[in-house]
Amino acid sequence: MILTEEEKRMLGGEEGPGVQKAMEFLVEYGEAFDAQRMIEVNSSHILPDPVEWLTNLTEGVDDFKIMTTLHSGSPYNTDMVDDLGLLEGEGGYAVEQNGIAIDMYKQKGAFLTLSCAPYLMGNIIKYGNVFTWAGSSGIIINNSVYGGRGNRESGVSMTCSAITGRTPDMLLTRDEKRKAEIVFNPRGLDLDQMDEADYGAMGYYIGETANNKNVAIDTLPKSIQFEKLKYLLSPMPVSGAVSMCHITGITPEASNLEQAIGANKPEYLSLELKDIKNAVQQLTTADSDSVDVVMLGCPHMTIREIKDATALLEGKKISENVKLWLNTNEAVYVLAKKMGYIDILENAGAVILREICIAMFPFGKLKDQVKNVATNSARCAHYMVRGGMGELVGQKVMGSMYGSSEKCINAAISGKWGE
Amino acid sequence: MIIKGHCVKKGTAEGEAVVISTPFSFVGDLDIATGDGNFLHELAGQNIAGKILVFPNGRGTTSAALAGYYVKLLGKLPAGMICRTTDPVVALNAIMNDFPVIDRTDVDPVTAIKTGDYIKMNANDGVIEVIPKV
């Protein structure tokens with residue numbers, strides 16, 4: 001790999017032991033993909049590293065070089081353990097490590113967004129920016145909606161970028177690697193009538209079909225709301241490993257299909273209603289219509305979603321047998337409070353979660369036994385029906401119901417999943 | 001049989017092969033405490049601890065390398081991995097948690113290698129020796 005003079009100084013240890021270790025890691029990472037050089041990074045978003053790694057990487061580092069925010073995590077690192085009905089003190093070792101690391105990141109200047117949607121809190125990607133982010137939903141949204149450039153990172157690579165301001169120039173940071181290899185044509189679908197869960201099921205199908213290829217959708221209504229795009233894109237790297245979805249006329253670098261495919265000879269596929277129905281079926285595993293938990297906000301709810309939920313719940317009460325959890329971040333929460341939404345939602349019996357990843361929720365640590373969870377997120381349903389990472393981190397296999405936020409909220413009120 | 005490929009993460013390993021033909025993630029497709037495959041994945045009923053996992057490519061959440069850190073603490077990591085093509089999440093898991101990975105092999109590893117074959121892999125040279133199960 002060809003390094004600049006500054007990068008050579010980092011690698012040689014002249015900027016301290018932490019910077020050196022971070023650059024060594026990035027060089028090894030780049031060599032795995034035959035990267036020829038490093039590229040400057042504009043934004044980093046981090047799932048906190050294990051304390052042992054973070055201590056070594058930040059040795060001699062005063063401040064992160066670039067915009068750096070932190071990802072959402074366990075409810076055990078929030079003040080909501082009691083509100084959620086979780087057993088006290090059952091977070092476990094990995095969660096303790098995460099809590100210590102969050103404080104260490106704050107010391108180095110990372111913003112404690114604690115959200116999978118840091119774009120709602122000021123970590124905003126401009127067209128052409130390079131980012132290294134945790135959270136495969138934010139990654140595909142940055143690439144496809146904001147026109148940023150970034151790969152599916154994992155582990156300590158994002159901290160290494162925050163320390164050095166660099167990432168290897170490879171895969172989705174390069175023009176020629178971003179072009180679509182499969183083009184999906186949705187013209188057979190009634191796109192204007194589709195709710196966010198239909199879009200999520202479509203994304204789940206696209207991810208499973210495209211696997212690790214770049215895709216294009218040609219095209220969607222230009223007026224489509226950001227929220228629908230969020231639910232469409234976020235399952236693609238879950239059922240598959242898709243991180244780049246050109247939506248012609250919407251994705252900044254793909255104003256038409258020619259720009260989306262470049263020199264590629266893509267495969268062309270039609271999207272059909274049966275594809276959406278099949279995905280919904282995969283995401284629905286509950287063996288009765290009895291709902292225990294309704295969970296919205298994977299990825300974190302926007303202010304407009306909170307407003308819509310408020311309208312559905314104003315003057316109503318949810319069933320005594322149901323927990324209704326609305327998951328967002330602190331910034332959206334403060335705004336929703338100012339708008340009066342939080343009072344209405346809490347009066348109806350909802351709990352507003354912040355700083356939490358609900359897809360990895362420790363259901364095995366709830367005081368009440370719960371079985372069936374309803375959600376409008378394909379991403380969330382995928383992980384819930386598999387029991388996430390397993391019992392070690394308090395997770396367990398849940399039965400799922402999958403449908404729009406309206407259908408989910410109606411189920412919270414009646415206690416039953418409607419047909 | 002000798003298969004040659006591209007080094008993703010250096011190192012050497014040997015062990016029994018576990019071969020799957022569907023994409024795989026350390027999160028959702030694996031119980032990180034035991035190394036058992038998830039019941040909804042092709043890996044159901046199999047365990048990857050100490051094995052050579054052969055699979056087409058990664059998928060899923062970017063928290064996989066962090067999950068790998070805890071899998072390592074619990075002693076349930078695979079000894080090595082062989083993929084058709086590696087994505088950054090798989091590569092970073094290997095670099096962070098230190099197990100060898102080879103990809104872009106001269107024959108398709110998912111069809112050439114069978115579960116139960118004994119594998120000796122030297123990622124430094126990109127060489128895989130396959131001793132078929134008898």
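We use all heavy atoms of the structure for the numbers below, so side chains are in, but hydrogens, waters and symmetry mates are not. It should be emphasised that the depicted structure is a prediction, and the values quoted were computed from it without experimental measurement. By convention in this document, chain letters (A, B, ...) are assigned in the order of the sequence lines, proteins followed by strands, and residues within each chain are numbered from 1.
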I'd like to know whether W133(A) forms a side-chain contact (heavy atoms from CB on, under 4.5 Å) with T62(B), so could you lay out the CA-CA distance, the side-chain angles of the two residues, the decisive distance to 0.1 Å, and finally the verdict.
CA-CA 9 Å; W133(A) 276 29; T62(B) 58; over 6 Å; no

Given V393(A) and Y70(B), is the side-chain contact (heavy atoms from CB on, under 4.5 Å) satisfied, shown in steps?
CA-CA 10 Å; V393(A) 285; Y70(B) 292 104; over 6 Å; no

Applying side-chain contact (heavy atoms from CB on, under 4.5 Å), run through T61(B) and V238(A) and close with a yes or a no.
CA-CA 6 Å; T61(B) 169; V238(A) 172; over 6 Å; no

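Chosen from E153(A), M384(A), M170(A), the residue pairing most often with chain B at heavy-atom distances under 4.5 Å is E153(A). If you tally non-hydrogen atom pairs under 4.5 Å between each of V8(B), T22(B), I32(B), D36(B) and chain A, the highest count goes to I32(B). The candidate with the highest count of non-hydrogen atom pairs below 4.5 Å against chain B, out of A241(A), S154(A), G390(A), is S154(A). Most heavy-atom pairs under 4.5 Å with chain B, from the set S136(A), P237(A), S157(A), P50(A): that is P50(A). Options L66(B), V89(B), D31(B), T85(B) differ in how many heavy-atom pairs under 4.5 Å they form with chain A, and the most are formed by V89(B). Most heavy-atom pairs under 4.5 Å with chain B, from the set N212(A), V156(A), N151(A): that is N212(A).
Separation of atoms CG (L73(B)) and CD (E52(A)) is listed at 7.5 Å; rounding is to 0.5 Å. Of the inter-residue distances, the one linking Y69(B) atom OH with W53(A) atom CH2 reads 9.0 Å to the nearest 0.5 angstrom. Annotation: the span from N38(B) atom CG to Y383(A) atom OH amounts to 11.5 Å, rounded to 0.5 Å. The distance from the NE2 atom of H71(A) to the OG atom of S63(B) is 7.0 Å, given to the nearest 0.5 Å. With rounding to the nearest 0.5 angstrom, the CD atom of E391(A) is 9.0 Å from the OG1 atom of T34(B). Atom OG1 of T285(A) sits about 8.0 Å away from atom CG of L40(B), to the nearest 0.5 Å.
In this structure, H6(B) and D34(A) approach most closely via the heavy-atom pair NE2-OD1, 3.4 Å. When all heavy atoms of R59(B) and H382(A) are compared, the closest pair comes out as NH2-CE1, 3.8 Å. Among all heavy-atom pairs drawn from P88(B) and Y29(A), the shortest one is CB-OH, 3.3 Å. Shortest non-hydrogen contact noted between F25(A) and L92(B) is CE2-CD2, 3.5 Å. Between V385(A) and F39(B), the shortest heavy-atom distance links the atoms O-CZ, 3.4 Å.
Annotation for Q36(A): atom CD does not count as buried by contact number, only 12 or fewer foreign heavy atoms lying within 6.0 Å. Around atom CD of Q281(A), no more than 12 heavy atoms belonging to other residues, nucleotides or ligands sit under 6.0 Å away. The number of heavy-atom neighbours closer than 6.0 Å to NZ of K213(A), taken from other residues, nucleotides and ligands shown, is 12 or below.
Looking at P48(A), only its backbone comes within 4.5 Å of chain B, counting heavy atoms on both sides. Within the 4.5 angstrom heavy-atom criterion, atoms from both the backbone and the side chain of I95(B) approach chain A. Neither the backbone nor the side chain of M158(A) comes within contact range of chain B, judged by heavy atoms closer than 4.5 Å.
With respect to the salt-bridge test (charged N to carboxylate O, under 4.0 angstrom), the residues E28(A) and K10(B) do not qualify.
Contact annotation: the side chain of R386(A) never approaches that of V27(B) to less than 4.5 Å [non-hydrogen atoms, C-beta and beyond]. Using a 4.5 Å heavy-atom cutoff, the side chains of F26(B) and M389(A) are not in contact.
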